[in-house]
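These notes are about the structure you will find just below.
In listed order, ligands and their atoms are each counted from 1. The structure presented is a predicted model; accordingly, all values stated were derived computationally and were not measured.
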Amino acid sequence: MKILDVDVAVIGAGSAGLTAYRAAKSHGGKVLLIERGPNGTTCARVGCMPSKLLIAAADAAYHAADAAGFGVHAGPVRIDGEAVMARVRAERDRFVGFVLEGVEAIDASDRLTGSVRFLGPQQLQVDEHTVVNAARIVIATGSSPRMPEQLQSLGDRLIDNEQLFNWTSLPESVAVLGTGVVGLELGQALHRLGVRVTLFGRGENIGPLSDPEVMRSARDCLGDELDLRLGNQRFDAQRDNDGVLVQSAGADGVVRSEHFSLVLAAAGRVPNLAGLQLEHAGLELDKRGIPHFNRTTMQCGSSTIFIAGDVDAELPLLHEAVDQGRIAGNNAGGFPDVQAGLRRTPLSIVFCDPQIALVGQRFSDLVPRRYVTGSLSFVEQGRSRVMRQNRGVLRLYAELGSGRFLGAEMVGPRAEHLAHLLAWACQNQMTVTQMLEMPFYHPVVEEGVRTALRHLQQALEKDVPEIEHCADCTPGM
Ligand SMILES: Cc1cc2nc3c(=O)[nH]c(=O)nc-3n(C[C@H](O)[C@H](O)[C@H](O)COP(=O)(O)OP(=O)(O)OC[C@H]3O[C@@H](n4cnc5c(N)ncnc54)[C@H](O)[C@@H]3O)c2cc1C
């Protein structure tokens with residue numbers, strides 16, 4: 001058994017781990033990056049990038065067919081599934097290549113291959129070949145798709161995003177299990193590429209939305225195009241001759257039997273904690289088995305262990321993984337000087353069409369009676385109508401009294417850009433008045449934001465702030 005003594009060991013060479021490694025390294029000392037493989041990061045290999053490549057092809061197909069609405073006839077759209085997937089894989093491999101180059105550039109003595117488990121709070125076992133004594137440790141092991149236990153008998157007909165991006169052609173049909181971010185993005189893309197797709201959701205939720213008005217609009221917009229089955233009470237599937245027989249029951253209880261080529265598991269992701277043997281790490285865990293950690297320092301309790309990325313299940317997004325990795329790496333490298341790092345205004349985007357986005361405080365997180373809302377329907381919004389993308393709704397939230405902009409939820413055209421604009425305003429703690437003082441060009445989708453801000457301003461002027469004191473402090477009120 002080889003023994004290594006290091007200052008910092010980083011477990012996982014994904015986006016969080018690579019950033020943590022570089023940050024820890026900047027403090028001097030010996031830093032070791034341990035990866036069980038494959039290298040290349042979830043983002044580049046099987047996540048953000050290949051999904052956006054598939055969506056780009058789907059959008060091309062959709063807009064070619066939709067051009068007729070402008071009086072432009074592109075002819076019958078023909079989708080060459082092999083060519084679509086060849087481009088997805090080729091471009092994906094290019095992105096992965098850049099990541100691999102970055103990993104290769106790391107000094108070989110700073111890298112180790114193998115699966116890690118804890119032997120103690122400062123000791124790791126890597127496969128059966130190396131014991132690492134690490135003064136500080138960063139856990140950055142990412143997450144994996146949740147594969148429903150009852151569907152395991154489907155074998156290779158139950159797939160996840162990883163297998164999908166390795167396809168060499170497109171299947172005839174796919175049952176997508178889950179209406180979260182991955183299910184919506186991949187389900188709609190496959191549908192637009194000519195695959196027969198049904199999306200099954202257990203609840204009524206659409207992606208990460210929590211505002212009932214936006215959720216309703218998203219359900220309508222997406223339900224107009226997709227076979228979207230929400231409120232599903234039952235989903236069973238068995239292998240049959242050349243695919244899968246799915247039995248499902250909706251809210252009405254009526255059982256339907258349908259044949260699909262494959263089932264895509266998109267029912268959430270689980271942090272990669274199994275196998276780490278965290279019971280030897282001396283950490284306090286929550287009921288999901290995730291270590292308690294401070295979200296500004298990424299330190300687990302008062303230990304010498306830090307956590308970053310999808311594994312902590314806080315905000316499983318790329319930019320959050322990178323930010324958390326930087327904070328965790330800096331604090332592991334600079335220990336015991338543990339500093340709070342920058343956590344930005346929450347921002348999440350679903351690249352379905354119309355896009356869904358959330359900024360700042362979610363509707364469900366707002367303090368009751370302390371906020372007002374402003375809305376805008378994109379149906380009559382000028383530029384959205386010009387582009388034939390006039391669907392969806394924008395809802396903005398502001399704090400009563402201060403007039404501070406708190407957050408937004410939306411489904412609509414160019415939501416990825418509107419969300420950035422709003423996130424920057426939110427992080428700068430701008431008030432609604434200050435936001436309305438900013439320039440707005442004409443005619444742009446952003447004018448819709450201005451309309452919603454004006455509604456917000458009117459609501460702020462109309463509403464009297466709640467009395468600050470508790471009832472007990474102001475008897476008789
Ligand atoms: C289909 C899909 C689309 C997505 N699209 C977007 C998007 O558009 N925008 C966005 O912001 N986010 C998106 N995400 C989320 C984003 O990809 C993740 O938040 C991000 O990649 C997480 O990075 P990470 O470093 O935490 O994990 P990873 O990149 O998965 O890295 C974890 C690493 O740890 C290694 N590891 C695990 N266990 C061990 C062990 N015991 N020992 C050694 N090594 C181990 C793994 O092999 C892996 O390499 C998407 C995700 C998916 C699945």
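Considering backbone and side-chain N/O of A308, none are found under 3.5 Å from N/O of ligand 1. The shortest N or O to N or O distance between E185 and ligand 1 is not below 3.5 Å. Residue S15 places at least one N or O, backbone or side chain, under 3.5 Å from an N or O of ligand 1. The shortest N/O to N/O separation between V311 and ligand 1 does not fall below 3.5 Å. Between R36 and ligand 1, an N or O atom pair is found at a separation short of 3.5 Å. Geometrically, ligand 1 and F351 share no nitrogen or oxygen pair separated by less than 3.5 Å. Polar contact check, E35 against ligand 1: a nitrogen or oxygen pair lies under 3.5 Å apart. Looking at ligand 1, you'll find an N or O of K52 within less than 3.5 Å of one of its N or O atoms.
Protein heavy atom in closest approach to atom 27 (O) of ligand 1: G142 CA, 3.3 Å. The nearest heavy-atom contact from the protein to atom 10 (C) of ligand 1 is L318 N, 3.5 Å. Annotation: atom 41 (N) of ligand 1 to nearest protein heavy atom, V116 O, 3.3 Å.
The backbone N or O of T345 sits less than 3.5 Å from a side-chain atom of Q427, completing a donor-acceptor pair. Remark: side-chain polar atoms of H259 are not paired, donor with acceptor, to backbone N or O of S173 under 3.5 angstrom. In terms of modelled atom types and a separation under 3.5 Å, the side chain of D127 and the main chain of S115 share a donor-acceptor contact. The main-chain N or O of L315 is never found under 3.5 Å from a side-chain atom of E320 such that the two would form a donor-acceptor pair.
No more than 12 heavy atoms of other residues, nucleotides or ligands lie within 6.0 Å of CD in E82, so this atom counts as exposed by the packing criterion.
Within the listing of ligand 1, atoms 25 (O), 28 (P), 29 (O), 31 (O), 33 (C) sit less than 4.0 angstrom from a heavy atom of G14. The distance from ligand 1 to the heavy atoms of R269 drops below 4.0 Å at these ligand atoms: 53 (C). Atoms of ligand 1 lying under 4.0 Å from any heavy atom of G37, numbered from 1 in the order shown and given with element: 47 (O). Near G114, with a cut-off below 4.0 Å to any heavy atom, the atoms of ligand 1 are 42 (N), 43 (C). Each of the atoms 41 (N), 42 (N) of ligand 1 lies under 4.0 Å from some heavy atom of S115. Of all atoms in ligand 1, listed by their number and element, those nearer than 4.0 Å to a heavy atom of G309 are 26 (O). Taking every heavy atom of S51 and a limit of under 4.0 angstrom, the matching atoms of ligand 1 come to 3 (C). Against a heavy-atom cut-off of under 4.0 Å, L276 is close to the following atoms of ligand 1: 41 (N).
Only the side chain of I11 comes within 4.0 Å of ligand 1, counting heavy atoms alone; its backbone N, CA, C and O stay farther away. By the criterion of a heavy-atom distance under 4.0 Å, the side chain of A321, and not its backbone, is placed next to ligand 1. Of all the heavy atoms of N161, the ones lying under 4.0 Å from any atom of ligand 1 belong exclusively to the side chain. Contact annotation: for E320 versus ligand 1, there are no heavy atoms closer than 4.0 Å.
D310 and S143 form a side-chain donor-acceptor contact under 3.5 Å, judged by distance and modelled atom types alone. Remark: the N330 side chain and the H27 side chain contain an N/O donor-acceptor pair separated by less than 3.5 Å. Side chain to side chain, Q125 and Q277 fail the donor-acceptor criterion of an N or O pair below 3.5 Å.
Ligand 1 has no atom lying under 4.0 Å from any heavy atom of V126. Within the structure, ligand 1 lacks G40 among the residues with a heavy atom less than 4.0 angstrom away.
Within the structure, side chain to side chain donor-acceptor pair (under 3.5 Å) contacts touching residues 93-108 (residues at least two apart or in different chains) are D107-S109.
Remark: of the listed residues I34, V311, I307, V311 is the sole one forming a side-chain contact (heavy atoms from CB on, under 4.5 Å) with T141.
Taking a cutoff of 4.0 Å between a charged side-chain nitrogen and a carboxylate oxygen, E162 and R45 qualify as a salt bridge. Electrostatic pairing of D59 and K52 does not count as a salt bridge here, judged by no charged N lying under 4.0 Å from a carboxylate O. One finds no salt bridge joining E185 and R192 here, because no Lys/Arg side-chain nitrogen approaches an Asp/Glu carboxylate oxygen to under 4.0 Å.
E204 meets the side-chain contact (heavy atoms from CB on, under 4.5 Å) test with R219, L230; sequence neighbours excluded.
A tilted orientation is assigned to the rings of Y397 and F363, their planes being inclined by 30° to 60°.
The option with the heavy atom closest to atom 14 (N) of ligand 1, from among P38, A140, C48, is C48. Residue A16 holds the heavy atom nearest to atom 25 (O) of ligand 1 of all those in A16, P316, S143.
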